[in-house]
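Below, chains carry the letters A, B, ... as their sequence lines are ordered, and counting in each starts from 1. Hydrogens, waters and symmetry mates play no part in the numbers below; they use all other heavy atoms, side chains included.
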Amino acid sequence: MLTRRPRGTNDILPDEAARWQAVEEIIRGVCRDFGYGEIRTPVFEHTELFQRTAGESTDVVRKEMYTFQDRGGRSVTLRPEGTAPVVRAYLENGLHAGPQPVKLYYLTTPMFRYERPQAGRYRQHHQFGAEVLGSLDPAVDAELISLPIELLRRLGIEDLGVRLNSIGCPNCRPGYVAALREHFRPRLDDLCADCRTRFELNPLRMLDCKNEGCRRHKEAAPRSVDYLCGECADHFQGLRTYLETLGVRYTVEPTLVRGFDYYTKTVFEVFYTDLGAQDAVCGGGRYDGLVEELGGKPTPGIGFGLGMERLLYVLADLGRLPQVERGITVFVATAGDDVKPEALRLVRDLRRAGIPADVDYGGRSLKSQLKFADRYPARYVVILGSDELARGSAPLRDLRTAEQRDVPLDRLVQELAELRARD
RNA sequence: GUGGCCGUAGCUCAGGUGGUUAGAGCGCCAGGUUGUGGCCCUGGAGGUCGGGGGUUCGAGUCCCCUCGGUCACCCCA
């Protein structure tokens, strides 16, 4: 137990962390090019924030939140999603008073959901997300959807699918929900127990039931896009036109509904079939009522979350993991303890010059040190012994070519800097 | 929260019908002449057989519980 990490969590070891960093750098580059600024919000928030925004009836709020009392008796919750905290910060910090729209992204803070782990699902996971607040322009929707597409393109992936739907707004959704109920009411006896519950609580959910018996009945079910009000229909049409303008390929998926109650109009997913049951790499949508729900002026918004673990999985599956070099450039091997001070100073000087360098700390034989340097892997080895100190020069060995020559001690740093620049 | 499969060294795995000191490969450490890696050879370290209980003269092997991994459902990144 002492040496076991909590269920659904992961250790990211150096080799893998390097790949994360490489992907994160590409993400930051895309965000910069799209004009999104980074925002970092707390790992935990007041519990009410998530209860109010995600919706009391959602699974996330009902059974998946890491909620606890702090020592002051307040109920706080480890963030299960990224949108609500960003909207909270937008209001709390007066970003609504500046130029609109405000374009933000987040990357570092993990998310927490108490669920049974499975492929691509963890209790602590990481999301890259972006949000745009303050514009209802469907071109914003198109830009936001094209952002992860551009990211994937830069990562060397062109062919992930995009599912798109519009689930309407408070004006038109009630009519659609009524139509759904009308459609399913006569068939209730045929449906699974879950769907009978959904019928009461949230009929939209009945659409993505995977139960074979229920699937039959949703074929003929009414589609939300056929019940949109004028504003929503125009918005959806505008979005589709802009997506085509930007060359984003997508399919309209009438059964696509998302898990948070705050979504309005646009919902979308970027998916990768080989991921298994959780095939959504990225999911998001518009939330035009959320800011008002938190006490702000009516302000439209849209955003997405992209699962980092899932993205890394896709990259690995496609053989597109970024190549990262690990290891030092120079290893200083020592023959005898009396040269250790000089070795330490040499390593210090190399590091100061920006040349990754290391030295033996195990008191090992020269042979072992060479072997160690080889595995590290180091490109060059400098061999220091009392002879070398006496004559003022030392062998510099290229482990790749096995070439070795003597270099004056006071020229080593410069020599290695030049070799490195040449690589 | 529900269900299927799984749980032996750091890693990948062997260990018929329960029976002496639990094995292999890889990895790790060391040695193979005097100060030189990658190949090869030799040796060494390393295992509460996930944990607990039970059956038995005796369990890694059988039974129960539990924890964990994995996949699926619910839902989601």
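Within the 4.0 Å cut-off from OP1 or OP2 of rC67(B), not a single side-chain nitrogen or oxygen of R7(A) is found. Close to rC74(B), at under 4.0 Å from its OP1 or OP2, lies no side-chain N or O of R121(A). An OP1 or OP2 oxygen of rA72(B) is reached within less than 4.0 angstrom by a side-chain nitrogen or oxygen of Q118(A).
Atom OH in Y376(A) sits about 17 Å away from atom C1' in rC28(B), given to the nearest Å. To the nearest angstrom, C1' of rC73(B) lies 12 Å from CG of D59(A). We find that CD of E16(A) is positioned 16 Å from P of rC11(B), with the value rounded to whole Å. A straight line from CZ of R196(A) to C1' of rC74(B) spans 16 Å, rounded to a whole angstrom. Taking atom CG of residue D261(A) and atom P of nucleotide rC75(B), one finds them 13 Å apart after rounding to whole Å. Between Q369(A) atom CD and rC29(B) atom P there is a gap of 13 Å when expressed in whole angstrom units. The distance from atom CD of E115(A) to atom P of rG1(B) is 13 Å, rounded to the nearest whole Å. In this structure, the CD atom of E64(A) is 13 Å from the P atom of rC74(B), given to the nearest Å.
Comparing the P positions of rU8(B) and rC13(B) gives a spacing of 9 Å, expressed to the nearest Å. Nucleotides rC11(B) and rU36(B) place their P atoms 35 Å apart, quoted to the nearest Å. Nucleotides rG23(B) and rG47(B), compared at atom P, are 14 Å apart to the nearest Å. Distance check on atom P: rG50(B) versus rG60(B) gives 10 Å, rounded to whole Å. The same atom, P, is picked in rG37(B) and in rG44(B); the two are 24 Å apart, to the nearest Å. Only the C1' atoms considered, rU12(B) is 16 Å distant from rG69(B), to the nearest whole Å. Between rG18(B) and rA22(B), the distance separating the two C1' atoms is 14 Å to the nearest Å. rC67(B) and rC29(B) have their C1' atoms separated by 34 Å, given to the nearest Å.
Pairing partner, rA22(B): none, since no Watson-Crick or wobble contact has both distances short of 3.5 Å. Across all strands shown, rU36(B) has no partner, as no Watson-Crick or G-U wobble contact with both distances under 3.5 Å is found. rU2(B) is paired with rA72(B) under the Watson-Crick or G-U wobble criterion, all donor-acceptor distances under 3.5 Å. Base pairing of rU56(B): no nucleotide in any strand meets the Watson-Crick or G-U wobble criterion (both distances under 3.5 Å).
With a 6.0 Å cutoff to the six-membered ring centre and a 45° limit on the axis angle, R79(A) counts as a cation-pi contact of Y106(A). Taking the ring axis of F268(A) as reference, the NZ or CZ atom of R163(A) does not stay both within 45° of it and closer than 6.0 Å to the ring centre. By the 6.0 Å and 45° rule, R286(A) does not stack over the aromatic ring of Y263(A).
Residue G276(A) is classed as a sugar-phosphate contact, given heavy-atom separations below 4.0 Å to backbone atoms only. Residue-level contact check: F260(A) touches the backbone only, with heavy atoms under 4.0 Å from sugar-phosphate atoms and none from bases. Here S365(A) lies in heavy-atom contact (under 4.0 Å) with sugar-phosphate atoms only. No contact: A373(A) has no heavy atom under 4.0 Å from any strand.
In terms of position on RNA chain B, the residue among S368(A) and T9(A) whose nearest nucleotide sits closer to the 5' end is S368(A). A residue-by-residue look at D194(A) and G8(A) shows that G8(A) has its nearest nucleotide of RNA chain B further toward the 5' end.
For D274(A) and Y313(A), the side-chain atoms include no donor-acceptor pair closer than 3.5 Å. Counting only N and O atoms by type, the side chains of E131(A) and Y287(A) include a donor and acceptor under 3.5 Å apart.
Within the 4.5 Å cutoff, side-chain heavy atoms of D11(A) are placed close to those of R5(A). Annotation: side chain of L207(A) is in contact with side chain of L180(A) (closest heavy-atom distance under 4.5 Å).
F184(A) has its ring centre no less than 6.0 Å from the ring centre of F199(A).
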Enumerate all atom pairs, one protein N or O and one N or O from nucleotides 33-41 of chain B, separated by less than 3.5 Å.
residue	atom	partner	partner atom	Å
rG35(B)	O6	D387(A)	OD2	2.7
rG35(B)	O6	E388(A)	OE1	3.4
rG35(B)	N1	E388(A)	OE1	3.2
rG35(B)	N1	E388(A)	OE2	2.7
rG35(B)	N2	E388(A)	OE2	3.3
rU36(B)	O2	Q404(A)	OE1	3.2
rU36(B)	N3	Q404(A)	OE1	3.3
rU36(B)	N3	Q404(A)	NE2	3.0
rU36(B)	O4	Q404(A)	NE2	3.0
rG37(B)	OP1	K367(A)	NZ	3.2
rG37(B)	O2'	D374(A)	OD2	3.4
rG37(B)	N7	R397(A)	NH2	2.9
rG37(B)	O6	R397(A)	NH2	3.1
rG37(B)	N1	L399(A)	O	2.3
rG37(B)	N2	D374(A)	OD1	2.8
rG37(B)	N2	L399(A)	O	2.6
rG37(B)	N3	D374(A)	OD1	3.1
rG38(B)	O4'	D374(A)	OD2	3.3
rG38(B)	N2	L399(A)	O	3.4

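Tested against S393(A) for a side-chain hydrogen bond (donor to acceptor under 3.5 Å, both in side chains), the candidates D406(A), D387(A), D410(A) yield a single pass: D406(A).
Under the 3.5 Å distance criterion, the side-chain polar atoms of R375(A) are left unmatched by any main-chain donor or acceptor of K371(A).
Each of rG1(B), rC74(B), rC73(B) was ranked by its minimum atom distance to the side chain of R198(A); first place goes to rC74(B).
Side chain R116(A) to base rC74(B): no donor-acceptor pair is found below 3.5 Å.
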